[in-house]
Amino acid sequence: MSNMTINSHMKTLLGAIAFFPILSLTPTAATAANLGFENNNFDNWQTSANTSIVDSSFGVTPTEGNYQALLSTAGEDNSPVFELVFQGPPPPIFGIGDSLQGQNQGQGFLFSQSQITDFGNSLSPQSTYTQGSAIKTNITVNAGDTLKFDYNFLTNEHSSLPISNNDLAFFSINEQLFELAMLSSVESSLLPSSTSFSRETGYQQYTYTFTKSGNVTLGFAILDEEDVHGDSGLLVDNIRIEPGVSVPEPLTILGAITAIGFGTCFKKSIFSHNKN
């Protein structure tokens with residue numbers, strides 16, 4: 001085989017490698033705006049009821065940047081906060097009755113009442129939630145990506161009181177809800193708080209791995225169970241999406257196979273030439 005023939009084969013091989021991006025396997029995480037609330041607002045988030053952006057002057061230092069989201073059940077007693085979070089009229093207890101129905105329609109419901117009731121009862125049977133606050137946003141993820149965030153459950157409640165008040169914090173992925181903290185589960189580990197709440201868990205980290213690619217709705221909520229007097233809150237910060245192991249696209253796989261095939265043929269041609 002002449003040098004001209006070898007050079008021709010080499011150019012063909014390099015051309016195939018250049019055409020197919022076989023090295024473009026670096027994982028890339030999904031992107032979403034203002035996940036850490038560093039815009040000092042709820043841009044790209046839907047909110048319901050008592051939500052705010054706070055800094056370290058609140059009494060807790062953000063785990064990332066300067067700002068963190070605060071969701072609270074605090075509000076005037078007998079206020080229609082329940083309607084801002086759940087679909088349908090609030091339960092007729094503690095003065096939250098028919099006269100308040102419909103006052104906040106049109107602001108958007110983030111979770112349905114049945115959704116909350118079913119989830120709450122799966123954790124604590126016969127739970128009745130009277131008010132709460134929530135936020136939601138939409139993100140796009142890849143299969144294998146990992147969601148990580150920090151959360152801090154704060155409360156003025158005491159489960160030792162005669163009335164049931166098992167306040168609950170959770171997050172959601174689409175229609176699936178996940179417990180973050182329930183008063184009865186975390187009370188023994190609560191610490192004194194420097195905030196307007198008497199006690200808190202301190203920041204904890206949660207990790208969730210996505211199994212499918214696509215658009216996802218991410219939500220957070222804090223609920224007041226049974227009474228409307230002892231308030232609870234949820235701080236959320238440092239929400240991020242970390243990339244998983246990327247799976248090569250079909251065209252990329254084809255490119256790799258093609259390049260290997262050219263390489264094999266080229267090797268055989270060289271061997272044959274040397275043999276002759």
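Heads up: numbering here begins at 1 and tracks the sequence.
The two residues Thr63 and Asp237 come nearest to each other via the heavy atoms N-OD2, 2.9 Å. For the pair Pro62 and Asn66, the tightest heavy-atom approach, listed with the atom from each and the gap, is CG-O, 3.4 Å. Closest approach of Leu110 to Ala134, counting heavy atoms only: CD1-O, 3.4 Å. Between Ser194 and Glu200, the shortest heavy-atom distance links the atoms N-OE1, 4.2 Å.
Under a 3.5 Å cut-off, the side chain of Asn152 and the backbone N or O of Gly202 do form a donor-acceptor pair. A distance-only check finds no donor-acceptor pair linking the side chain of Thr195 to the backbone of Gly59 [under 3.5 Å]. Between the side chain of Asn34 and the main chain of Asn39, a donor-acceptor pair closer than 3.5 Å is present. Judged purely by atom type and a 3.5 angstrom limit, Asn238 has no side-chain atom pairing as donor or acceptor with the backbone of Asp150. Between the Asp145 side chain and the Ile241 main chain, no donor and acceptor come within less than 3.5 Å of each other. In this structure, Ser72 contributes its side chain and Asn50 its backbone to no donor-acceptor pair below 3.5 Å.
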Quiz item: Can you check side chain to side chain contact (heavy atoms under 4.5 Å, CB included) on Glu179 and Ser185, steps first, answer last?
Solution: CA-CA 10 Å; Glu179 177 187 358; Ser185 300; 3.8 Å; yes
Quiz item: Run the side chain to side chain contact (heavy atoms under 4.5 Å, CB included) check on Asn138 and Asn215 step by step: do they pass?
Solution: CA-CA 7 Å; Asn138 295 314; Asn215 297 320; over 6 Å; no
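At a threshold of 4.5 Å between non-hydrogen side-chain atoms, the residues Thr155 and Val186 do not count as touching. With a 4.5 Å cut-off on side-chain heavy atoms, Phe153 and Ser232 count as touching. The shortest side-chain heavy-atom distance between Leu223 and Thr73 does not fall under the 4.5 Å cut-off. In this structure, Glu157 and Glu187 have side chains that are not in contact, with every pair of non-hydrogen atoms separated by 4.5 Å or more.
Leu180 and Tyr203 fall into different hydrophobic clusters, defined by Ile, Leu, Val, Met, Phe, Trp and Tyr side-chain heavy atoms under 4.5 Å apart, directly or through other members. Leu70 and Ile135 are assigned to two separate hydrophobic clusters, defined by single-linkage of ILVMFWY side chains at heavy-atom distances under 4.5 Å. In this structure, Phe37 is not a member of the same hydrophobic cluster as Val54, with clusters built from ILVMFWY side-chain heavy atoms closer than 4.5 Å. Hydrophobic clustering of Ile, Leu, Val, Met, Phe, Trp and Tyr side chains at less than 4.5 Å, counting indirect connections, keeps Phe149 apart from Phe58. Under the 4.5 Å side-chain heavy-atom criterion for ILVMFWY residues, a single connected hydrophobic cluster contains both Leu168 and Phe111.
Between atom CD of residue Glu242 and atom OG1 of residue Thr209 there is a gap of 9.5 Å, rounded to the nearest 0.5 Å. One distance of note links CG of Leu35 with CH2 of Trp45; it measures 6.0 Å at 0.5 Å rounding. Atom OG in Ser196 sits 7.0 Å away from atom CG in Asn156 (nearest 0.5 Å). Residue Leu147 holds its CG atom at 6.0 Å from CD1 of Ile139, rounded to the nearest 0.5 Å. The line from CG of Leu154 to CG of Leu235 is 5.0 Å long, rounded to the nearest 0.5 Å. Taking CZ of Arg199 as the start and OG1 of Thr201 as the end, the distance is 11.0 Å to the nearest 0.5 Å.
Only one option out of Phe171, Phe220, Tyr151 pairs with Phe178 in a ring pair (Phe, Tyr, Trp, His ring centres under 6.0 Å); it is Phe171.
Under the 3.5 Å distance criterion, with hydrogens and angles disregarded, no donor-acceptor pair is assigned to the side chains of Asn166 and Glu225.
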